[in-house]
Amino acid sequence: MTTLVRGSQTLTRDALTVLQPGFTGTTAPDWLLRRIGEGLSSVGLFGRNIASPDQLAALTARLRAEGDDVLVAIDEEGGDVTRLEVRHGSSFPGNYALGSVDDVDLTRAVARELGRRLAECGVDLNWAPSADVNSNAENPVIGVRSFGADPELVARHTVAYVEGLQAVGVAACTKHFPGHGDTNVDSHHALPRIDVDLATLHARELVPFRAAVAAGTKAVMSAHILLSALDPDRPATLSPQILTGLLRQELGFEGLIVTDGMEMRAIASTYGIERGSVLAIAAGADAICVGGGLADEGTVLRLRDALVDAVRTGELPEERLADAAARVRALASWTQAHRVRGAVSGPGAAVQEGTAPGTEIGLVAARRALTVTARERHTPMTGPPYVAAFTPVANFAVGDETPWGVAAELERLLPGTTTGSYDTSSVAAVLAAAGERRIVAVVRDAHRHPWMAEALDALLAARPDTVVVEMGLNGSEPRGALHIATHGAARVCGRAAAEVIAGV
């Protein structure tokens, strides 16, 4: 048993400080406020916690009434993964759309405006951007969350995104280190592995992260993936070779290392969240993200006690826990200083021209991201179409509560538009529902879903004048009288596509 240099109360505070838990509801529960008073330094927000900007601002203000240096974190990537607009869809296109445009000034402007909205609501740590190089087109969890498959393109847009967020005082958390792009397994469900050599990892996966570190990203999030060339035994989140040896020592990162959600099965099913959290801190992580699935006081207490017990038994060096807690407090001080400066400067201060409220930079970006292929000259629709949405199962990161597609936007432009959702190749049902109306077929990653591609083929054979809108990875050849690739399924992408269909 080790001899504790500091008191038990300090040890307990440090254990609470390294946790980033979630909670349920749109108001802060009493247990959460109480734990902030005892040393909890971070809170993670999800879609279930957000009803409106005013409500979110009131919530973060209440959290900071218990501790003005509390880090309030969120998983707000824009695009398909949105928490601010979880019930309506995002006003910003995601990474794949931005990468397809390949204008770093546009990416920086989008990130800056998104960061401004977060800061205005009191959020100061964003678990974004995704710096994963989506080299595997079958990837079930990254896909449009990545800027693309080219490491250099991903690197320059990751840097622009980090710069945009941090310019308005919101800390960026570049993820998922050392790269989740070459996987065909979702780490929410199982442990993915990447079996490529070191040279490939350095030439591909690590390029954007090196760039993000050089650009000053305040945080990096680890991935629950096994990279056999770096550590054949433990996933990155639990690997000293990867977090300390590679990220800290080789890449020179001095900021906050945050884990991905510890309740994800890639960790929880093998190690359990308590032991997984101890191993993560010992490996070099500084903050434990938990709360996407486990969002109660009991989880916080279990993890706190596991860390304290690990120090007392000598499994976790006390100085490692103290160093992790110090890094959390350092980031909290940085964000607190930016909040103070923002309050002094006033709302909207230092926002670049073109990114201020009302300029709709997200819509500008979504329009630029469209790729439109017409078999012949497109005549805009003037009557209401029938929208057939071929709907795959949503991955856990995106969730199924956020609406997507073009139907709502087409209804606004072409009143009387109706829609149906299909998850099998029920083309006869589509034709019956459409009647004589033009059909707009909406797909998402058609190249990954054989049933979807078959349904689209059958529909086009029956109705060649069908318009096809691909809102996922644009991995198939354009088909249909008009083919629109939006490079993402955000609400704003649907609006941009609807404008083309209706000719407005």
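Everything numeric in this text was worked out from a predicted model, so none of it was measured.
When every heavy atom of Val86 is checked against every heavy atom of Thr402, the shortest pair comes out as O-OG1, 2.9 Å. When all heavy atoms of Leu370 and Ala496 are compared, the closest pair comes out as CD1-O, 3.5 Å. Taking every heavy atom of both residues into account, Leu363 and Val492 meet most closely at CA-CG2, 3.4 Å. In terms of heavy atoms, His180 sits closest to Pro192 at CE1-CG, 3.9 Å. In this structure, Asp69 and Arg339 approach most closely via the heavy-atom pair CA-NH2, 4.2 Å. Closest approach of Gly78 and Ser90 over heavy atoms only: CA-OG, 3.8 Å.
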query: Could you go step by step and tell me if Arg368 and Asp103 meet the salt bridge (Lys or Arg N to Asp or Glu O under 4.0 Å) rule?
result: CA-CA 10 Å; Arg368 290 184 61 187; Asp103 178 346; 3.1 Å; yes

message: Run the side-chain contact (heavy atoms from CB on, under 4.5 Å) test on Leu56 and Leu45 for me, step by step, so that the C-alpha distance in whole Å, both residues' side-chain angles and the decisive distance to 0.1 Å come before the verdict.
response: CA-CA 10 Å; Leu56 178 55; Leu45 300 180; 3.5 Å; yes

field: side-chain hydrogen bond (donor to acceptor under 3.5 Å, both in side chains) between Glu85 and Ser91, worked out
entry: CA-CA 8 Å; Glu85 300 179 273; Ser91 299; 2.7 Å; yes

message: Apply side-chain contact (heavy atoms from CB on, under 4.5 Å) to residues Lys218 and Leu125 and explain how you reach the verdict.
response: CA-CA 9 Å; Lys218 292 295 178 181; Leu125 171 60; over 6 Å; no

- request: Carefully, step by step, assess Arg117 and Val123 under the rule side-chain contact (heavy atoms from CB on, under 4.5 Å).
  value: CA-CA 9 Å; Arg117 295 189 189 184; Val123 178; over 6 Å; no

- request: Go through Asp75 and Val81 one step at a time and tell me if the side-chain contact (heavy atoms from CB on, under 4.5 Å) criterion holds.
  value: CA-CA 8 Å; Asp75 193 12; Val81 180; 4.2 Å; yes

query: Can Asp296 and Thr299 be said to form a side-chain hydrogen bond (donor to acceptor under 3.5 Å, both in side chains), step by step?
result: CA-CA 6 Å; Asp296 59 287; Thr299 298; 2.9 Å; yes

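The backbone N or O of Arg302 sits nowhere less than 3.5 Å from a side-chain atom of Glu274 that would complete a donor-acceptor pair. With Gln166 contributing its side chain and Ala172 its backbone, the two residues share a donor-acceptor pair below 3.5 Å. Using a distance-only test at 3.5 Å, with no hydrogens or angles considered, no donor-acceptor pair links the side chain of Asp423 to the main chain of Thr391. In this structure, the side chain of Asp260 does not engage the main chain of Ala223 through any donor-acceptor pair within 3.5 Å. Not a single donor-acceptor pair under 3.5 Å links the side chain of Glu77 to the backbone N or O of Gly94. Here the side chain of Thr174 pairs no donor or acceptor atom with the backbone of Val220 at under 3.5 angstrom. A side-chain donor-acceptor contact under 3.5 Å links Thr335 to the backbone of Ala332. Side-chain atoms of Asn49 come within 3.5 Å of backbone atoms of Phe23 as a donor-acceptor pair (strictly under, hydrogens ignored). A donor-acceptor contact shorter than 3.5 Å links the side chain of Thr17 to the backbone of Gly39. Side chain of Glu66 to backbone of Arg34: no donor-acceptor contact under 3.5 angstrom is found.
Ring geometry for Trp334 versus His338: interplanar angle of 30 to 60°, hence tilted. Using cut-offs of 30° and 60° on the angle between ring planes, the pair Phe390 and Tyr422 is tilted. Between Trp127 and Phe46, the angle of the ring planes lies from 30° to 60°, which puts this pair in the tilted group.
With Trp404 as the aromatic partner, Arg491 does not meet the cation-pi criteria of under 6.0 angstrom to the ring centre and within 45 degrees of the ring axis.
For the atom pair OG1 (Thr259) and CD1 (Ile288), the distance works out to 4.5 Å, reported to the nearest 0.5 Å. Considering CD of Gln20 and SG of Cys173, their distance stands at 7.5 Å, rounded to 0.5 Å. With rounding to the nearest 0.5 angstrom, the CE atom of Met221 is 10.0 Å from the CG atom of Leu256. Separating the CG atom in Leu303 from the CZ atom in Arg275 is a distance of 14.0 Å, to the nearest 0.5 Å. Distance check, rounded to the nearest 0.5 Å: CG of Leu40 to CG of Leu32 gives 6.0 Å. Phe147 contributes atom CZ, which lies 10.5 Å from atom CG of Asp102 (distance to the nearest 0.5 angstrom).
A heavy-atom distance below 4.5 Å is found between the side chains of Arg367 and Arg495. Side-chain contact between Ile50 and Ile74 is present, with heavy atoms from C-beta onward closer than 4.5 Å. Put simply, the side chain of Val18 does not reach to within 4.5 Å of the side chain of Arg327, judged on heavy atoms. At a threshold of 4.5 Å between non-hydrogen side-chain atoms, the residues Cys493 and Met471 count as touching. Contact check for Val278 versus Asp309: no side-chain heavy atoms found under the 4.5 Å cut-off. Looking only at side-chain heavy atoms (C-beta outward), Ile267 and Ile273 stay at 4.5 Å or farther from each other. Within the 4.5 Å cutoff, the side chain of Val133 has heavy atoms near those of the Pro151 side chain. No side-chain heavy atom of Phe92 sits under 4.5 Å from any side-chain heavy atom of Leu98.
Looking only at atom types and distance, the side chain of Arg62 has no donor-acceptor partner in the side chain of Thr27 under 3.5 Å away. Between the side chains of Glu76 and Thr82, a donor-acceptor pair is found at a separation under 3.5 Å. Counting only N and O atoms by type, the side chains of Asp132 and Ser130 include a donor and acceptor under 3.5 Å apart. A side-chain N or O of Gln336 and one of Asp68 form a donor-acceptor pair less than 3.5 Å apart.
Note on Arg108 versus Glu113: no salt bridge recorded, every NZ/NE/NH1/NH2 to OD/OE distance being 4.0 Å or above. Salt bridge annotation for Arg13-Glu38: absent, with no cationic side-chain nitrogen under 4.0 angstrom from a carboxylate oxygen. Under the 4.0 Å criterion applied to side-chain N and carboxylate O atoms, Glu297 and Arg35 are assigned as salt-bridge partners. We find that Arg320 and Asp14 are not joined by a salt bridge, their nearest charged nitrogen and carboxylate oxygen being 4.0 Å or further apart.
Of the candidates Thr417, Ile501, Thr418, Val469, Val387 forms a side chain to side chain contact (heavy atoms under 4.5 Å, CB included) with just one, namely Thr417.
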